[in-house]
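Structure first, commentary second.
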Amino acid sequence: MTDILGNMRRTHTCGELRASDATKEVILMGWVQRRRDHGGVIFIDLRDKEGLTQIVFNPEFDVDTHEKAQVLRSEFVIGVKGQVMARPDDMINGKMDTGAVEVFVKELKIFSHAQTPVFQIEDRVEASESIRLQHRHLDLRRPQLQKNIIARHTASRAVRDYLNDRGFLDIETPFLTKSTPEGARDYLVPSRVNQGSFYALPQSPQLFKQMLMISGFERYYQIVRCFRDEDLRADRQPEFTQIDMELSFVGEEDIMEITEGLIKAVFQKVRGIDIETPFERMTYAESMDRFGLDRPDLRFDLELCDVSDLVKDTGFKVFASVVKKGGMVKAINAKGCATFTRKEIDELTDFAAIYQAKGLAWIKVKEGGEWQSPIAKFFTDDEKAALAQKLDMETGDILFFVADSPKVTNEALGQLRNELARRLKLIDPDTYRFVWITHFPLVEYDEQEKRYQALHHPFTAPLEEDLDKLESDPANVRSRAYDMVLNGTEIGGGSIRIHSTELQEQVLKLLGIGEEEAQEKFGFLLNALASGTPPHGGLAFGFDRLVMLLCQEDSIRDVIAFPKTQKATCLLTEAPSAATTAQLQELAIKISKIEA
RNA sequence: GGGGGCGUAGUUCAGUUGGUCAGAACGCCUGCCUGUCACGCAGGAGGCCGCGAGUUCGAGUCUCGUCGCUCCCGCCA
């Protein structure tokens, strides 16, 4: 049997040779990064996933090999045997890890020729997303993406090591399963042997992991693919990966402690960064009040201030009427930013409008505390003094106000807070600020459907001291749900679950899910609950998002080997694609064109 | 479902009020070159200006439609 490798086997990677390796005979294998042909001597940068090494073809060293190297071009795959040479001091390349050496080649094997790549395999070459995804195999050769995919593996391994060491069991749950109640749109899979019936791909293994607790496994985890048929974003793919966990006989603090340790281990292993634990805790109510969002970025201040009380009777009707209708007026003081131009203020107004804010009122504080503002004339001196005190208004400040429903005011001003921080460069990209957000509302009233909806999911336990409000005042029942937030991004969330059948039935009733519907959709869980259920709870991390933050990338596509486009297609495989008539017949499915 | 950005050479882009506007850089090919490392020098090839209509004497440029990539709102933990 002949074999192109022959007896050639790699002795070193392209990233590891140093001056101390000089005179060694080595065998390297990899891709031709770049060829510099000087006529007499040819330099090649050889690349593998570990790095680059300069190899030299010199006719004085080996005339036949030099001749053979003439044909080498970008992305050819070769193996070379040669001698490591220390470079003279004036030829050391300080920009390369291996820059102190080079390998003089005496034997060359060309494993593969390669077409000229459509884009160069370098981090600094920015090809369009479309080109990158069509040629993902080339894109993935770029050092940055290799680093990301390796970091993803390192993170995954750190998670498994940590959880395995703590008695967690990795248990697989079905992909072909049943539609989960509430939540996102399902991906459906038609059944051939049960024509007309469909499986749903799991949005999360929620029900199964609770079943596993009921079965007595006590500690479960899975790094598991989940599916949601919703529109995509930079941080949302239709299939994505969760670190899914569930524990029995625990409360919130136990889960927080163990997952803080998990995140600490991941940051240690992937980035060598020591994260301080325990993390800060903040209630949902406090987060909304101070930051307007349930995922506050704590790397900077710029806190929101509720001035509804001070302006409820003011002559500025926009403010007064909003407060009278149950809305709120909040403000941000951008200290020292009275230098903002009209154009900048207009841009910020447009920014707030994205989040439904109908306007963005502003006040610049001039020398002597004088207000420059389109709304200054509506306020009495007393009102001005009260606002100035409450908002700590000093010369050189600019204040931004949003007046609307609590939902819009908080969202718009909370987002504006983040935008101001970006513009003012208040964010240190190397800082990691974690916070737990706790006591989320159990339910939220859905104006469109005229009913309460679970904020987290229907199996989340209400806070014990709020149980009496379950019927009388459901909107103010707090839950035992918690989110882990990192730098303004939710990276994980979970809750203590309901483990009593009675309470579960009560909550389902509140959500308007009738007994029949409940039985049909997840009767199996309700039955199981009645069979002896331990107190339990859990949490799921968005693994892609976590790795994205670890890699300091802006899109999860850059930490997923084969991501989908915004239209949920795969440019590499051209999925999804039409099914054959025969396939459709087997499934008893007819395609009807849906009119727009 | 809605709003914004982009689409011109293999790649990234420039292209003014519609009239030398078919351009640059990198890449590629050929030749020269024994110390480069984003090598250098000389020469060369390479274009359905996403696609389709329309306006016009004339469209890369204006209008409409359509397709694709992307950011965001809605939606979605």
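Chain naming here is simple, since letters A, B, ... match the order of the sequence lines and numbering starts at 1 in each. Computed from heavy atoms alone, side chains included, the values below leave out hydrogens, waters and symmetry copies.
Less than 6.0 angstrom separates the ring centroid of A:Phe351 from the ring centroid of A:Tyr355.
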How does each nucleotide of nucleotides 31-39 of chain B score, in 5' to 3' order, for protein heavy atoms under 4.0 Å: base (B), sugar-phosphate only (S), or none (-)? --BBBBBBB
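Base-pair partner of B:rC39: not found among the strands shown (Watson-Crick or G-U wobble, both distances under 3.5 Å). Across the strands present, B:rU55 finds no partner; the criterion is a Watson-Crick or G-U wobble pair with both atom distances under 3.5 angstrom. The pairing partner recorded for B:rC69 is B:rG5, the criterion being a Watson-Crick or G-U wobble arrangement whose two distances lie under 3.5 angstrom.
Here the separation of B:rU16 from B:rC57, taken at their C1' atoms, is 22 Å to the nearest Å. For the C1' atom pair drawn from B:rU34 and B:rA25, the interatomic distance equals 29 Å after rounding to whole Å. Comparing B:rA9 with B:rG44, their C1' atoms are spaced 14 Å from each other, to the whole Å. B:rA42 and B:rG27 have their P atoms separated by 15 Å, given to the nearest Å. With both ends at atom C1', the span from B:rA14 to B:rA24 equals 7 Å, rounded to whole Å.
Residue A:Leu455 is classed as a base contact, given a heavy-atom separation below 4.0 Å to a base. At a threshold of 4.0 angstrom between heavy atoms, the contacts of A:Thr569 are confined to the sugar-phosphate backbone, with no base atom among them. Within 4.0 Å of A:Arg295, counting heavy atoms only, lies no atom of the nucleic acid at all. Within 4.0 Å (heavy atoms only), A:Leu571 reaches sugar-phosphate atoms of the nucleic acid but no base atom. Within the nucleic acid shown, A:Arg233 comes within 4.0 Å of at least one base atom, counting heavy atoms only.
The residue from A:Phe208, A:Tyr187, A:Phe227 that alone fulfils the ring-ring contact (aromatic ring centres under 6.0 Å, His included) condition with A:Phe175 is A:Phe227. When each of A:Glu260, A:Glu252, A:Glu286 is paired with A:Arg281, the salt bridge (charged side-chain N to carboxylate O under 4.0 Å, His left out) condition holds for A:Glu260 and for no other.
Of the candidate nucleotides B:rG74, B:rA77, B:rC71, B:rC71 has the atom lying nearest to any side-chain atom of A:Gln566. With distances taken from any side-chain atom of A:Asp231 to the nucleotides B:rC72, B:rC69, B:rG74, the minimum falls on B:rG74. Of the listed nucleotides (B:rC28, B:rU12, B:rC75), B:rC75 has the atom at the smallest distance from the side chain of A:Arg236. Considering only the side chain of A:Arg73, B:rC29 comes nearest among B:rC29, B:rC72, B:rC76.
The side chain of A:Gln203 places an N or O atom within less than 4.0 Å of a non-bridging phosphate oxygen (OP1 or OP2) of B:rA77. Applying the 4.0 Å criterion to OP1 and OP2 of B:rC69, one finds that A:Thr565 has a side-chain N or O inside that range. Side-chain nitrogen and oxygen atoms of A:Ser128 include none within less than 4.0 Å of the OP1 or OP2 phosphate oxygen of B:rU70.
The closest side-chain donor-acceptor pair between A:Ser204 and A:Gln242, if any, does not fall under 3.5 angstrom. A donor-acceptor pair shorter than 3.5 Å can be found between the side chains of A:His457 and A:Arg497.
Between the CG atom of A:Asp350 and the P atom of B:rC73 there is a distance of 15 Å, rounded to whole Å.
A:His113 and A:Phe76 have tilted rings, their planes meeting at an angle from 30° to 60° on a 0 to 90° scale.
Atom CH2 of A:Trp436 sits in a crowded spot, with more than 12 heavy atoms from other residues, nucleotides or ligands closer than 6.0 Å.
The nearest heavy atom of RNA chain B to A:Gln415 and to A:Gly493 marks one nucleotide each, and the one closer to the 5' end goes with A:Gln415.
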